[in-house]
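Read through the structure below, which is laid out as structure tokens, and then see the notes.
Residue numbers count from 1 along this sequence.
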Amino acid sequence: MTDRCAAYCRYCTRSRLVSNASGYDFHPEFDRQIAYIAEHTEIRDVLLSGGDPMLLSDEKLEYLLGRLRAIPHVEFLRIGTRIPIFLPQRITPALCAMLRQFHPLFVSIHTNHPRELTTEVRAALGQLADAGIPLGNQSVLLRHVNDEPVVMKALVQKLLMCRVRPYYIYQCDLISGSSHLRSTVSRGLEIMDSLRGHTTGYAVPQYVIDAPGGGGKIPVNPGYILRKSATKIILRNFEGKVFEYPEAAEVAAMAPLCDPSMAFGKD
Ligand SMILES: *Cc1c(COP(=O)(O)O)cnc(C)c1O
């Protein structure tokens, strides 16, 4: 929606685009974008990202959200923003009253360290949550910033206190100038292992690697399945204890009770 942010992150996956960094000539054509979404009835999910969409005025955001909400097949609206962290003063009662007209509207924020969740930030997040906006957090795994189990656990638990659900931890993208900030995947897996079972599942985000070349996010998880056969699975739990679990038997000659077409009732 814009190529501007309230502050610029060295490791940002869009470093090449934001702030006109390399003469990237950014002219969003909102009418054409909205016309495309309106024509494509298979689109049910629209994410407003950038740059930071919350740098736009309340009026402009209201106009664009209103246009999107008027499209019947658009079900789920989302804004990706770092404004609640970098410019919490931008989160005002007027902004929240405007946003709440467009539910279901989710907001994804971006924090990496518990010390980002200052008094001002917590107040801004509280206002968004009070407006009924489900909040999710995306973190980037950063060497010597948050690649310590104790730091990440403090972050995810503090996020729950702010009514923010930890959503993703990203392996740091291969951005030029960011190699000093990149932590290892082994370290990321160790951190995931230190969360699951050691705190509530609500505090456990999904660790992902965004595959270079447009492959999308790929979940990476610690190995909990030690062995698997047709009849059983050998698992380990968060404490390293090993368990055997029977695989369900194949049941032949029975009509499926879960008819996939039943998922689409008339309501
Ligand atoms: C992560 C990401 C999204 C959003 O993916 P969700 O899993 O729906 O949150 C969209 N576009 C790009 C380029 C992304 O990296």
Side-chain angles (χ1 to χ4, degrees), residues 1-6 9 12-14 17-18 26 28-88 90-92 94-112 116 121 124-140 156 159-160 162-170 173 202 204-208 210 214 216-219:
M1 293 191 59
T2 167
D3 64 348
R4 302 296 140 137
C5 291
C9 308
C12 174
T13 192
R14 295 190 178 158
L17 304 181
V18 291
F26 187 80
E29 296 180 83
F30 294 128
D31 284 332
R32 289 188 59 200
Q33 293 170 0
I34 291 168
Y36 180 94
I37 294 165
E39 276 166 28
H40 287 77
T41 54
E42 72 276 21
I43 296 174
R44 32 171 302 282
D45 172 357
V46 177
L47 167 57
L48 311 185
S49 71
D52 202 313
M54 286 215 185
L55 283 184
L56 272 56
S57 67
D58 288 7
E59 292 69 28
K60 191 149 197 172
L61 268 177
E62 181 168 21
Y63 171 74
L64 293 169
L65 288 167
R67 295 271 313 267
L68 289 167
R69 195 30 93 216
I71 302 171
H73 56 267
V74 171
E75 297 173 1
F76 175 51
L77 291 173
R78 217 173 356 161
I79 298 176
T81 178
R82 219 183 173 197
I83 287 287
I85 316 305
F86 272 143
L87 194 63
R90 172 73 185 92
I91 309 302
T92 59
L95 174 69
C96 294
M98 181 277 282
L99 293 175
R100 70 181 306 158
Q101 307 172 88
F102 301 107
H103 282 313
L105 172 68
F106 285 46
V107 167
S108 291
I109 64 160
H110 168 42
T111 59
N112 298 313
E116 287 181 295
V121 167
L125 295 171
Q127 283 191 68
L128 291 169
D130 284 346
I133 299 173
L135 300 169
N137 181 63
Q138 318 194 102
S139 288
V140 177
V156 295
L159 283 166
L160 289 190
C162 298
R163 289 178 278 172
V164 180
R165 170 82 158 90
Y167 180 38
Y168 285 130
I169 295 180
Y170 291 90
D173 273 350
Y202 273 106
V204 182
Q206 175 65 59
Y207 180 35
V208 291
D210 204 357
K217 294 179 187 67
I218 300 176

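- Residue pairs meeting the ring pair (Phe, Tyr, Trp, His ring centres under 6.0 Å) criterion with at least one partner in residues 53-81, sequence neighbours excluded, are Phe76-Phe106.
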> Is there a side-chain contact (heavy atoms from CB on, under 4.5 Å) between Tyr36 and Ile43 once you walk through the steps?
Replying inline: CA-CA 10 Å; Tyr36 180 94; Ile43 296 174; 3.9 Å; yes
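- Leu125 approaches Pro84 most closely through the heavy-atom pair CD2-CB, 3.9 Å.
- For the pair Ile79/Leu99, a side-chain contact is recorded, criterion being any heavy-atom separation below 4.5 Å from C-beta on.
- Side-chain contact between Ile83 and Leu55 is present, with at least one heavy-atom pair separated by less than 4.5 Å.
- Expressed to the nearest 0.5 Å, how far CD1 of Ile109 lies from OH of Tyr167 amounts to 13.5 Å.
- Shown here for Thr2 and Asp52, the closest heavy-atom pair between the two residues is CG2-O, 3.3 Å.
- Between Asp31 and Arg67 there is a salt bridge, with a side-chain nitrogen of the basic residue lying less than 4.0 Å from a carboxylate oxygen of the acidic one.
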>> What verdict does the side-chain contact (heavy atoms from CB on, under 4.5 Å) test give for Thr13 and Val140, after you've listed the backbone C-alpha separation in whole Å, the side-chain angles of each residue and the deciding distance to 0.1 Å?
In response: CA-CA 10 Å; Thr13 192; Val140 177; over 6 Å; no
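- Of all non-hydrogen atoms in Arg100 and Ala131, the two that sit nearest each other are CB-O, 3.5 Å.
- Residues His110 and Ile85 are not in side-chain contact: their nearest non-hydrogen atoms beyond the backbone lie 4.5 Å or more apart.
- With rounding to the nearest 0.5 Å, the separation of CG in Leu61 from CZ in Phe102 is 9.0 Å.
- Closest approach of Cys96 to Ile91, counting heavy atoms only: SG-CG2, 3.8 Å.
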> Are Val46 and Ile71 close enough, and set up right, to give a side-chain contact (heavy atoms from CB on, under 4.5 Å), and what steps lead you there?
Replying inline: CA-CA 11 Å; Val46 177; Ile71 302 171; over 6 Å; no
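- Here the side chains of Leu56 and Leu64 are in contact, with some heavy-atom distance below 4.5 Å.
- Arg4 meets the side chain to side chain donor-acceptor pair (under 3.5 Å) test with no other residue; sequence neighbours excluded.
- Counting heavy atoms from C-beta on, the side chains of Arg78 and Asp45 come closer than 4.5 Å.
- Between Cys12 and Asp173 the shortest side-chain heavy-atom distance does not fall below 4.5 Å.
- Among all heavy-atom pairs drawn from Pro219 and Val208, the shortest one is CA-CG1, 4.0 Å.
- Shown here are the side chain to side chain contact (heavy atoms under 4.5 Å, CB included) partners of Pro72, two or more places apart in sequence or in another chain: there are none.
- Between the CD1 atom in Ile34 and the CZ atom in Arg32 there is a gap of 13.0 Å [rounded to 0.5 Å].
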> Does the pair Leu87 and Arg82 meet the rule for a side-chain contact (heavy atoms from CB on, under 4.5 Å), with working shown?
Replying inline: CA-CA 8 Å; Leu87 194 63; Arg82 219 183 173 197; over 6 Å; no
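- Atom CG of Leu135 is separated from atom SG of Cys162 by 9.0 Å, given to the nearest 0.5 angstrom.
- Looking only at atom types and distance, the side chain of Ser49 has a donor-acceptor partner in the side chain of Arg14 under 3.5 Å away.
- Note that OH of Tyr170 is 10.0 Å distant from OG of Ser139, once rounded to the nearest 0.5 Å.
- Nearest heavy-atom pair across Ile133 and Leu105 is CG2-O, 3.4 Å.
- Between Gln101 and Leu65 there is no side-chain heavy-atom pair separated by less than 4.5 Å.
- Separating the SG atom in Cys5 from the CE atom in Met54 is a distance of 13.0 Å, to the nearest 0.5 Å.
- The side-chain heavy atoms of Glu116 and Val121, taken from C-beta on, include no pair separated by under 4.5 Å.
- Atom OH of Tyr202 has 12 or fewer neighbouring heavy atoms from other residues, nucleotides or ligands inside a 6.0 Å radius.
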